[in-house]
Amino acid sequence: MGVAHDTMLYSYLLEPLAGSHALEDVVLRRLGRKLPSALGEAAERTRELSALLAPEIAREDLQRLYEEIELPLAAVLAEVEAVGVRLDPQILARMSAEFDKELAALTGEIYDLAGGPFDLDSPKQLGEILFEKLKLPGGRRLKKSGQYSTEASVLESLAERHELPRKIIEYRTRAKLKSTYIDALPRYIHPATGRLHTSFNQTVARTGRLSSSNPNLQNIPIGDEFGLRIRSAVVAEKGWLLVSADYSQIELRVLAHMSGDALLIEAFTRNEDIHSRTAQEIFGVPAGLQTHEHRRMAKAINYGVIYGLSSFGLAGRTGTSKTEAQEYIDAYFARYGKVKEFLGGLVEEARRNGRVRTLFGRLRPIPEINSKDVAARNRAEREAMNTPLQGTAADLLKLAMVKVQARLHREEMHTRMILTVHDELVFEAPKDELARAREIVRAEMEGVYPMKVPLRVDIGVGSNWKEAK
DNA sequence: CGATGGTGCGCC
DNA sequence: AAAGGGCGCACCATCG
Ligand SMILES: Nc1ccn([C@H]2C[C@H](O)[C@@H](COP(=O)(O)OP(=O)(O)OP(=O)(O)O)O2)c(=O)n1
Ligand SMILES: [Mg+2]
Ligand SMILES: [Mg+2]
């Protein structure tokens, strides 16, 4: 027997902002009573709940999203979680010892520079040392706690006045990698399978994205050499290979489709790389000479500008003046005229309906859109601009997951899906199935849903995740 | 002692 | 952080 009504998915689709969609909470919220502990009565309440929610799903036009995407996806996710990923604990064990030494040395240097020991993991203590004891300039106060801000960008701005801030940044970066990944991940290896089994949460993100927890495998480092080493610890079984398939410039392509902007559509029809072009424009580096870091920063700028980055924010990130930043933003939207119109239309839609939808009809309420609090309202406008694009990209990947998995099953392949990261799927394939697996993945992902622009997927293969990307 | 809030930061 | 969006986790500080 299959599943007919999934109240958790119903609830999430109807109220994506709700904090919980656990049966107990949904019964309380929607039926106004406590879920009985007696199983027979609990079953009655559950049936009553599904009878309430199913027609609402239909009224809100969420039926196809539920039947064709979310419900079949739940089964796919269960499989992906059960398969798990292999981790090479030796790579991380070596790094742990290495980081121990490095962190100890950094700690000593920092105490010397600070004129005494303190808790390096305490931003509160660090702030007092920097701005009171050492009397460094600035000292912006945080809103909620009144503490001094000690985040990396603040420390960076202090770096020319004192050696300490750089050391702190170095310490923080190393400590973060060690505590969150190097030491934490091996503890999650399941004794029975010898693999890592994350949870992919289907009812958490307000835009329709999936999230991953315990452990989170959607934020495995990639940034610098150490990050790459950590990523290389996610490995394929002997005789198998990892295949990574990541949509190229996905939300930009979604934007091109939804806005209908001719120039953006033409760019993708010509197979151009907008991130790389932005890198060239901002840093003056031609495509051939760009590092991953260049493209990554350019990507952040592209999405930042689209989703409401201010001239202040852009100037802070690029080091240019606020005036120049504003000129860049203006030029950006002047170039893509219909993009500006389209984003404005989303804000209008939110004002009118109190909510926005993705291409597939997924809903997100924007409750603060008419707020009198300027900050809250501005934030709501940015949410209204972001959600249809981020959410449509999520819908596309979810649909692709369902299709790819169906195809792998239908063709009785041994290739298995092991990870999903927003616009990327990772598979583990037996070496002799590799070519076929690649074909299937590319075909199903690129053909998932025909759009005004082609969808492109970058596919890589390797014995570990770093190599495959 | 555990829960909660805040800060900071890893990724997309 | 006043002003890209979306997450989860580690750690400190504080509260009850
Ligand atoms: N700083 C960032 C990075 C990513 N994203 C969103 C938009 C991207 O489309 C999506 C997927 O992230 P990718 O890193 O895969 O970015 P792209 O798909 O745009 O580029 P690429 O061609 O490198 O895959 O996540 C974002 O909003 N802000
Ligand atoms: Mg991508
Ligand atoms: Mg990606």
Side-chain angles (χ1 to χ4, degrees), chain A residues 16 118-127 138 140-155 157 168-169 171-185 188 198-201 204-224 226-227 230-231 246-247 249-251 296 299-317 322 325 329 332 343 346 356 364 366 373-391 393-394 397 419-424 465 469:
Chain A
F118 64 101
D119 189 339
L120 276 175
D121 296 324
S122 167
K124 185 165 177 281
Q125 294 182 36
L126 175 63
R140 294 200 308 270
R141 297 280 187 165
L142 293 169
K143 205 164 155 183
K144 291 173 184 163
S145 61
Q147 292 172 33
Y148 297 107
S149 168
T150 69
E151 61 169 41
S153 67
V154 170
L155 298 179
S157 72
I168 297 284
I169 293 177
Y171 173 87
R172 285 228 181 114
T173 323
R174 297 295 194 105
K176 172 99 176 176
L177 295 184
K178 186 164 193 297
S179 69
T180 309
Y181 308 100
I182 296 172
D183 292 343
L185 289 179
Y188 280 96
T198 184
S199 293
F200 286 108
N201 312 302
V204 170
R206 289 170 286 207
T207 55
R209 271 189 176 185
L210 299 171
S211 76
S212 161
S213 59
N214 303 308
N216 183 355
L217 295 183
Q218 291 180 329
N219 72 344
I220 298 298
I222 199 172
D224 57 10
F226 303 110
I230 294 171
R231 191 164 279 231
D246 186 306
Y247 280 110
Q249 311 173 76
I250 185 61
E251 284 175 40
R296 197 172 162 177
K299 189 187 290 186
I301 289 168
N302 279 332
Y303 290 117
V305 169
I306 291 163
Y307 296 134
L309 189 63
S310 64
S311 56
F312 175 86
L314 181 57
R317 282 168 176 70
K322 242 183 81 171
I329 294 170
Y332 200 101
L343 295 171
L346 292 175
V356 291
R364 173 174 177 177
I366 309 285
D373 175 347
V374 186
R377 190 175 63 243
N378 287 341
R379 184 185 181 82
E381 291 180 1
R382 295 192 297 271
E383 291 167 355
M385 295 189 285
N386 173 266
T387 294
L389 298 161
Q390 186 185 118
L397 188 74
L419 286 173
T420 168
V421 192
H422 307 306
D423 75 333
E424 175 189 9
W465 195 5
K469 272 225 92 172

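Here is the naming used below: chain letters follow the sequence lines, and residue numbers restart at 1 for every chain.
Interatomic distance, A:Ile366 CD1 to A:Met385 CE, rounded to the nearest 0.5 Å: 10.5 Å. Separation of atoms CG (A:Asp246) and CG (A:Asp423) is listed at 4.0 Å; rounding is to 0.5 Å.
One N or O on the side chain of A:Ser212 and one on the backbone of A:Leu217 form a donor-acceptor pair closer than 3.5 Å. The backbone N or O of A:Leu120 lies less than 3.5 Å from no partner atom in the side chain of A:Gln125, so there is not a single donor-acceptor pair. In this structure, A:Arg364 contributes its side chain and A:Val356 its backbone to no donor-acceptor pair below 3.5 Å. Side-chain N or O atoms of A:Thr198 include one that pairs as donor or acceptor with a backbone N or O of A:Pro215 at under 3.5 Å. With hydrogens and angles disregarded, no donor-acceptor distance shorter than 3.5 Å links the side chain of A:Tyr181 to the backbone of A:Arg231.
Contacts of A:Gln390 with the nucleic acid, taken as non-hydrogen atoms under 4.0 Å apart, include base atoms. A:Ile222 comes within 4.0 angstrom of the backbone, heavy atoms only, and of no base. Contact annotation for A:Gly316: no contact, since no heavy-atom pair falls under 4.0 Å across all strands. No engagement by A:Arg377 is indicated, since no non-hydrogen atom pair under 4.0 Å with the nucleic acid exists. Within 4.0 Å (heavy atoms only), A:Lys176 reaches at least one base atom of the nucleic acid. At a threshold of 4.0 angstrom between heavy atoms, the contacts of A:Val204 are confined to the sugar-phosphate backbone, with no base atom among them. Within 4.0 Å of A:Leu389, counting heavy atoms only, lies no atom of the nucleic acid at all. At the heavy-atom level, A:Thr150 lies under 4.0 Å from the strands shown only through sugar-phosphate atoms. Residue contacts shown for A:Ala152 are limited to sugar-phosphate atoms, with no base heavy atom under 4.0 Å away. Within 4.0 Å of A:Ser149, counting heavy atoms only, lie sugar-phosphate atoms of the nucleic acid but no base atom. Residue A:Asp121 is classed as a sugar-phosphate contact, given heavy-atom separations below 4.0 Å to backbone atoms only.
Distance from the side chain of A:Asp246 is smallest for B:dC12 among the nucleotides B:dG8, B:dC12, C:dG5. For A:Ser213, the listed nucleotide lying nearest its side chain is C:dG8; candidates were C:dG5, B:dT7, C:dG8.
Between A:Ser211 and C:dG8 there is a side-chain polar atom (N or O) within less than 4.0 angstrom of OP1 or OP2. Taking only side-chain nitrogens and oxygens, A:Ser212 never comes nearer than 4.0 Å to OP1 or OP2 of C:dG8. Phosphate proximity of C:dA13 to A:Gln125: present, with a side-chain N or O under 4.0 Å from OP1 or OP2. Distances shown here put every side-chain N or O of A:Asn219 at or beyond 4.0 Å from the OP1 or OP2 atom of C:dG6. In this model, the phosphate group of C:dG5 is not approached by any side-chain N or O of A:Arg206 to a distance below 4.0 Å at OP1 or OP2. Side-chain N/O atoms of A:Ser122 include one lying less than 4.0 angstrom from OP1 or OP2 on C:dA13. Regarding contacts with the backbone of B:dC11, a side-chain N or O of A:Arg296 is found under 4.0 angstrom from either OP1 or OP2. For the OP1/OP2 pair of B:dT7 and a distance below 4.0 Å, the side-chain nitrogens and oxygens of A:Ser145 include at least one atom meeting the criterion. Phosphate contact (OP1/OP2 of C:dG4, side-chain N/O of A:Arg382, threshold under 4.0 Å): absent. Contact check, A:Ser179 against C:dC9: no side-chain N or O comes under 4.0 Å of OP1 or OP2. Between A:Arg209 and B:dC12 there is no side-chain N or O to OP1 or OP2 distance below 4.0 Å. For the pair A:Arg141 and B:dT7, the criterion of a side-chain N or O lying under 4.0 Å from OP1 or OP2 is not met.
Taking atom CD1 of A:Ile366 as the reference point, atom P of C:dG4 lies 17 Å away to the nearest angstrom. For the pair A:Met385 CE and C:dA3 C1', the computed distance is 11 Å after rounding to whole Å. Here C:dA10 presents its P atom at 17 Å from CG of A:Asp119, a figure rounded to the nearest Å.
Between the base of C:dG8 and the side chain of A:Asn216 there is no donor-acceptor pair shorter than 3.5 Å.
C:dA3 and B:dG5 have their C1' atoms separated by 23 Å, with the value rounded to a whole Å.
When only modelled atom types and interatomic distance are considered, A:Glu151 and A:Ser153 share a side-chain donor-acceptor pair under 3.5 Å. Using a 3.5 Å distance cut-off with no hydrogens or angles, the side chains of A:Asn201 and A:Ser213 do pair a donor with an acceptor. No side-chain donor from either of A:Tyr148 and A:Arg140 sits under 3.5 Å from a side-chain acceptor of the other.
Rotation axes derived from the C1' atoms of the five outermost pairs at either end of the helix from B:dC1-C:dG16 to B:dC12-C:dG5 lie 0° apart, to the nearest 10°.
Residues A:Ser310 and A:Leu210 each lie close to DNA chain C; by heavy-atom proximity, the contact nearer the 5' end of the strand is made by A:Ser310.
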